[in-house]
Structure formats: structure tokens, C-alpha cells
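Hydrogens, waters and symmetry mates play no part in the numbers below; they use all other heavy atoms, side chains included. For ligands, and for the atoms within them, numbers begin at 1 and follow the listed sequence.
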Amino acid sequence: MIIAVDGPVAAGKGTLAKRIAAKYGYTYLDTGALYRAVGLFMLRHKQDPSDHALAAAAARNVHEISLDDPDLRKEETGNAASVVAVNNDVRAALLDYQRSVAKHRDGAVLDGRDIGTVVCPNADVKLFVTASSEERAHRRLAELVAKGETTSYEAVLKDLEERDARDRSRTSAPLAKADDAHLLDTTKLDIEAALEAACRIIDASKG
Ligand code: CDP
């Protein structure tokens, strides 16, 4: 069983995908963390994330960054991630690993931008999770403040809209809802309600 969870910045994909994986006993992969690790690698080596060859080399050395590194969650790292994510060679370098996790025998939940469209086009269930930009900015601001980052609602909203625009307009695996994905708008749903809605879709697909 493969479950693909895609959507824009801070739509709640990660929390939802983790809860789905825990409920059904499936393995979970946050594919955004891989792109964040490439971005962080470049920031730490003082390299420009838009440099094609350097970003491709960073993607091949990404194991240098632990996926538990707290700096991965910084706003600056998210922005660098979306810059390296336009790079075809970066995406190609990360593809095999994502597909190998998807094949986990107990089932897998992957969250990202292109899981239902490119990484796992044959996923059993596809969810496209979204929420209004304002609600997403409030959620991301609360997360960043809780981690001690100093920022403002306006700065978070601006970053989020820029990042979404970059993710949607790139030519390589842009952020998009797969035709067969279920749209889940969580603007007015808390995590429990979103999980309930997702489980209804998953259970229905199991027949
Ligand atoms: O958690 P948040 O929604 O801020 O983003 P993320 O899932 O951690 O992803 C960070 C960035 O990585 C995104 O803005 C995308 O540019 C890129 N990404 C991607 O291109 N493809 C994926 N499958 C996952 C993330």
C-alpha cells in the first residue's frame, strides 16, 4: 500500500502523513527533508543554491546532513530547498531513494510535492492537502516561533507565497494535484478532523 500526500507549503502534509503512517503501521518518508538537506548542505558550504552543478553535487553528498538536524526546519533552509528543487539533476539524484522507501513491504506514506505525479504515479491513495495561504502562514509562524525563530506573520506569508509560486511554476515535477488525487482542504479542520477525513478516503479505497 502506497499513500501519496502532496500539497503546498505548511498545508499540514507532514503531520497528517505521519499520523496516517502510525495508524496503519506503514513506514513514513518526509521527502521535503531530502530537499531541505540539499539546501542546508549548500548553505553550510556557503554555496549558491541556484548553482546547477554545485547543487547536483550536493544532492549526491546529501548523506552528510542528518535528517534529524534541527536546522533543516529553519525558514532559510526551506527557501534554499525550493531553489535546489527546480534542478533536474537534484531531483534525479533523490528519486531512487524515495522509490525504494515507497516499496517498503509493510506499506509507505510519502509526503511532498510530486509524489502522486512523478515519484509514485501508481500510488494506491493520493491526497492533495491544502489550506488558505493565511491559515498556512499562521500555522508556520506558530511552528517557527515555538522553535525560537524570530520572524513576523508578514514575512512568513511572503516566503510561503514565493515558495509556492516557485514550486508550481518549475518545469521539472512542479507542485500539482494528480488527476486522481483527493483534494483535502484543511483550512477549517484541525489535525484530528483532517486525519478522520483522510482515513475515510483510505478505508474506502481498501474496499
Ligand atoms: O514543510 P514545507 O511545506 O515547508 O516544505 P517541505 O515539504 O519541507 O519541502 C521543502 C521544499 O522542498 C519545497 O518548497 C519544495 O520546493 C521542495 N520539495 C520538492 O520539490 N519535492 C518534494 N517531493 C518535496 C519537497
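With a 4.0 Å heavy-atom cut-off, ligand 1 is reached by no atom of Arg136. With a heavy-atom cut-off of 4.0 Å, Arg91 touches ligand 1 through its side chain alone. With a 4.0 Å heavy-atom cut-off, ligand 1 is reached by no atom of Ala173. Here Val9 has heavy atoms under 4.0 Å from ligand 1 in both its backbone and its side chain. Looking at Arg73 against ligand 1, only its side chain comes within 4.0 Å, counting heavy atoms.
Arg36 and Thr31 share no donor-acceptor pair across their side chains, judged by distance under 3.5 Å alone. There is no side-chain donor-acceptor pair under 3.5 Å between Arg163 and Ser82. Side-chain polar atoms of Tyr24 and Asp106 form no donor-acceptor pair below 3.5 angstrom. Checking Tyr35 against Arg113 by side-chain atom types alone, no donor-acceptor pair falls below 3.5 Å.
Remark: ligand 1 and Asp30 share no N or O pair separated by less than 3.5 Å (distance only, no angle test). Considering backbone and side-chain atoms alike, Asp114 places an N or O below 3.5 Å from some N or O of ligand 1. Polar contact check, Thr31 against ligand 1: a nitrogen or oxygen pair lies under 3.5 Å apart. For ligand 1, the polar-atom distance check against Ile115 finds no nitrogen or oxygen pair separated by under 3.5 Å. Polar contact with ligand 1: present for Lys13 (N/O pair, distance under 3.5 Å).
A salt bridge links Arg200 with Glu196: at least one charged nitrogen is closer than 4.0 Å to a carboxylate oxygen. Salt bridge absent: Arg44 and Glu64 never bring a charged side-chain N and a carboxylate O closer than 4.0 Å.
By the 6.0 Å contact criterion, NZ on Lys206 is enclosed, its count of non-hydrogen atoms from other residues, nucleotides or ligands being greater than 12.
Within the 3.5 Å criterion, the main-chain N or O of Leu160 finds no donor-acceptor partner in the side chain of Arg136.
Looking only at protein heavy atoms, the nearest one to atom 18 (N) of ligand 1 is Tyr35 CD1, 3.6 Å. For atom 10 (C) of ligand 1, the nearest protein heavy atom (residue, atom name, distance) is Arg163 NH1, 3.5 Å. Nearest protein heavy-atom neighbour of atom 17 (C) of ligand 1: Ala85 CB, 3.8 Å. Ranking protein heavy atoms by distance to atom 16 (O) of ligand 1, first place goes to Asp167 OD1, 2.6 Å. Counting only heavy atoms of the protein, atom 8 (O) of ligand 1 lies nearest to Arg36 NE, 2.6 Å.
For Gly14, the heavy-atom gap to ligand 1 stays at 4.0 angstrom or more.
Closest heavy-atom approach to atom 9 (O) of ligand 1 within the set Ala80, Ser82, Gly32: this belongs to Gly32. Taking only non-hydrogen atoms, the option from Arg140, Glu162, Arg113 nearest to atom 7 (O) of ligand 1 is Arg113.
With contacts defined as side-chain heavy-atom distances shorter than 4.5 Å, the pair Met42/Asp48 does not qualify. Using a 4.5 Å heavy-atom cutoff, the side chains of Thr130 and Pro8 are in contact.
Evaluation of the salt bridge (charged side-chain N to carboxylate O under 4.0 Å, His left out) rule for Asp180 yields Lys126 as partners, not counting sequence neighbours.
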